[in-house]
Undergrad: 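Next up is a structure, given as structure tokens.
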2 protein chains.
Amino acid sequence: MSRTKARAALLQELEAAMRRSSAQGVLYGQTVANVAGIANSDLECMDILYLEGRVTAGRLAEVTGLTTGAITGVVDRLEKAGLVRRERDEKDRRKVFIAVVPETIAKLGQFYVPMQQAMEKVCNGYSDEELRLLLRFCNEGYKAVLAATEALKRLIDTPPEKRPDLKLKKRPRQS
Amino acid sequence: MSRTKARAALLQELEAAMRRSSAQGVLYGQTVANVAGIANSDLECMDILYLEGRVTAGRLAEVTGLTTGAITGVVDRLEKAGLVRRERDEKDRRKVFIAVVPETIAKLGQFYVPMQQAMEKVCNGYSDEELRLLLRFCNEGYKAVLAATEALKRLIDTPPEKRPDLKLKKRPRQS
DNA sequence: ATATATATCTTAGTCGCTAAGAGATTTAGC
DNA sequence: GCTAAATCTCTTAGCGACTAAGATATATAT
């Protein structure tokens, strides 16, 4: 039993470590937003724009889980800060594309340099093969957590008397 | 050069994967808060209480980065929800310890079951030795990002004219 | 004993969010 | 084509969580 017990302890330790490091990653992001002088959601949207390129306001709402009204505010702030531009779609004039003002990518990017350098240093202590192992684990973990999130969300929609009650406050906000 | 180039690509891919999975982890937490019907910060505090046990209000403020005023609100809500109790320190009557009401740990804990099961399944595909590698990487990464966060924070305190300017708040007028 | 430090709470004001619905445009049905 | 419904973004009202500053209570130092 000592073997499986050691493994159980290892799993628990790993979970704690992952939680800790993940939380710290979030904190780094919040600090970036802070230094850049923009709100957290604003930075998240910049991240999406960086990944996906030119997207509509509706798509931002979809990905972030915010309402379209909130996105209007986000884009207002980002536009006022000169980080993005609104571009009306000429094909479908209801739509508004949000496009990053190119120069600003570098301006925001500089704030990630400290972390990138730190992580590169850490990675230097690992072989290619080890890094591939990490990559595989990350990807598998991502899929697993994504599925778990969906499973949990379904609880929201199950009738309250059918689900494990906590009798806290009222209806939680949906996202 | 093909060797180092491959590694650079690997590093980049790993970074993206970590960001993605980390973000998903956060989303899972938000969903838990949603289902439980409490605010995000409230759940974060429950997490800290679970990890550290009985802690003072001030300690919560310190760890979360919130002001003490905000923590008063958090604890008010959690206490009203029956999740924690305030306990005045008899040795130093200025201090207020926040203690989790024991039964509620299980109530909140159940929401983490989907993720724990999913992650355990993933971990089953790895040997003890591989998991130890993952653990080591997590811990090293945590320390690195923590240090990077501190480094970035210091930018806030450096005089604005001395640091890489973004002049966001002040409307860089164009057009 | 008085002044200073520490720990929490209170208050006023701000910001970003949601919900609901208005406005503008496109698509579908007849 | 013309009307009705659908789609996409923005507006408005209200709310909840946050900060900053200071009040309150207690502890420590001189």
Side-chain angles (χ1 to χ4, degrees), chain A residues 26-27 29-31 33-34 36-46 49 54-81 83-99 156 168-175, chain B residues 27 29-31 33-34 36-46 49 54-81 83-99 153 156 168-169:
Chain A
V26 174
L27 236 159
Q30 287 177 350
T31 308
N34 225 336
I38 62 180
N40 224 299
S41 298
D42 300 9
L43 184 62
E44 193 191 344
C45 284
M46 289 301 293
L49 287 168
R54 194 163 163 268
V55 302
T56 65
R59 171 81 184 142
L60 280 183
E62 190 184 321
V63 176
T64 58
L66 298 177
T67 62
T68 60
I71 292 297
T72 299
V74 169
V75 177
D76 282 352
R77 290 190 297 270
L78 288 177
E79 197 171 38
K80 194 178 286 185
L83 294 174
V84 305
R85 263 197 311 267
R86 277 183 168 91
E87 293 173 1
R88 223 151 196 125
D89 184 358
E90 289 305 327
K91 301 272 185 178
D92 182 345
R93 297 189 47 76
R94 292 169 303 180
K95 290 185 187 170
V96 170
F97 280 107
I98 315 301
I156 301 178
L168 296 177
K169 295 214 273 185
K170 313 171 197 172
R171 281 287 288 177
R173 313 188 301 207
Q174 306 226 43
S175 77
Chain B
L27 236 160
Q30 286 177 349
T31 309
N34 240 333
I38 60 179
N40 224 300
S41 298
D42 299 12
L43 185 62
E44 193 191 344
C45 284
M46 289 302 293
L49 287 168
R54 193 163 164 272
V55 303
T56 65
R59 172 80 184 144
L60 281 182
E62 189 184 322
V63 176
T64 58
L66 298 177
T67 61
T68 60
I71 292 298
T72 298
V74 168
V75 176
D76 282 351
R77 290 190 297 271
L78 289 177
E79 197 170 37
K80 195 178 284 184
L83 295 174
V84 305
R85 263 198 309 268
R86 277 184 168 90
E87 294 173 0
R88 266 230 124 77
D89 184 359
E90 289 306 326
K91 300 274 184 178
D92 182 344
R93 297 188 48 73
R94 290 169 305 180
K95 290 185 185 170
V96 170
F97 279 106
I98 316 299
K153 268 185 185 167
I156 300 178
L168 294 179
K169 289 272 180 97

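Computed from a predicted structure; not experimentally measured. Proteins get letters first, then strands, A, B, ... in listed order; numbering begins at 1 in each.
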Undergrad: Say you draw a straight line from CD1 of A:Ile71 to CD of A:Glu62; how long is it, rounded to the nearest 0.5 Å?
TA: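 Those atoms lie 11.0 Å apart.
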Undergrad: Rounded to the nearest 0.5 Å, how far does CD of B:Glu90 lie from CZ of B:Phe97?
TA: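 Here the interatomic distance stands at 11.0 Å.
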Undergrad: Measuring from atom CG of A:Leu49 to atom CG of A:Leu60, what distance do you get when rounded to the nearest 0.5 angstrom?
TA: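 Taking CG in A:Leu49 and CG in A:Leu60, the distance rounds to 5.0 Å.
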Undergrad: Any side-chain N or O of A:Arg77 below 4.0 angstrom from OP1/OP2 of C:dC15?
TA: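 Negative; the distance criterion is not met.
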Undergrad: Looking at C:dC17, I'd like to know if its phosphate oxygens (OP1 or OP2) sit under 4.0 Å from a side-chain N or O belonging to A:Ser41.
TA: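 For C:dC17, OP1 or OP2 has a side-chain N or O of A:Ser41 closer than 4.0 Å.
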Undergrad: Please round to the nearest 0.5 Å and tell me the distance separating atom CG of B:Leu43 and atom CG of B:Asn34.
TA: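 B:Leu43 atom CG to B:Asn34 atom CG measures 10.5 Å (nearest 0.5 Å).
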Undergrad: Determine, stepwise, if the pair B:Ser41 / B:Thr64 fulfils side-chain contact (heavy atoms from CB on, under 4.5 Å).
TA: CA-CA 8 Å; B:Ser41 298; B:Thr64 58; over 6 Å; no
Undergrad: Please list all pairs passing the salt bridge (charged side-chain N to carboxylate O under 4.0 Å, His left out) test where one or both residues lie in residues 37-46 of chain A, with sequence neighbours left out.
TA: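 Every salt bridge (charged side-chain N to carboxylate O under 4.0 Å, His left out) pair that includes a residue of residues 37-46 of chain A, provided the two are not neighbours, is A:Asp42-A:Arg77.
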Undergrad: Could you give the angle between the helix axes at the two ends of the helix from C:dA1-D:dT30 to C:dC30-D:dG1, with five pairs per end, rounded to 10 degrees?
TA: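 Result, rounded to 10 degrees: 10°.
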Undergrad: Under the salt bridge (charged side-chain N to carboxylate O under 4.0 Å, His left out) test, which residues partner B:Arg86, sequence neighbours left out?
TA: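 Only B:Asp76, B:Glu79 meet the salt bridge (charged side-chain N to carboxylate O under 4.0 Å, His left out) criterion with B:Arg86.
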Undergrad: Distances under 3.5 Å between protein N/O atoms and the N/O atoms of nucleotides 10-14 of chain C, please, pair by pair.
TA:
none

Undergrad: Over all strands shown, is A:Arg59 touching base, sugar-phosphate only, or nothing at heavy-atom distances under 4.0 angstrom?
TA: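 Touches nothing.
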Undergrad: Which letter, B, S or -, goes with each nucleotide of nucleotides 23-30 of chain D from 5' to 3', with contact meaning a protein heavy atom under 4.0 Å?
TA: --BBS---
Undergrad: Could you tell me which residues satisfy salt bridge (charged side-chain N to carboxylate O under 4.0 Å, His left out) with A:Glu87, sequence neighbours excluded, listed by chain and number?
TA: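 With neighbours one apart ignored, the set is A:Arg54, A:Arg85.
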Undergrad: Nearest whole angstrom, please: distance from the P of D:dT7 to the CD1 of A:Ile71.
TA: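 Between P of D:dT7 and CD1 of A:Ile71: 20 Å.
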Undergrad: Between D:dT9 atom C1' and A:Glu62 atom CD, what is the distance in whole Å?
TA: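 It is 15 Å, rounded to the nearest whole Å.
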Undergrad: Using whole Å, what does the distance between atom P of nucleotide C:dC9 and atom CD1 of B:Ile98 come to?
TA: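 Whole-Å distance recorded here is 7 Å.
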Undergrad: Round to the nearest Å and state the distance from A:Glu44 atom CD to C:dG16 atom P.
TA: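 That distance rounds to 14 Å.
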Undergrad: Among D:dC8, D:dT19, D:dA17, find the nucleotide with the atom closest to the side chain of B:Leu66.
TA: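 Looking only at heavy atoms from C-beta outward on B:Leu66, the closest nucleotide is D:dT19.
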Undergrad: Between atom SG of B:Cys45 and atom CG of B:Leu66, what is the distance when rounded to the nearest 0.5 Å?
TA: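 One gets 6.5 Å once the value is rounded to the nearest 0.5 Å.
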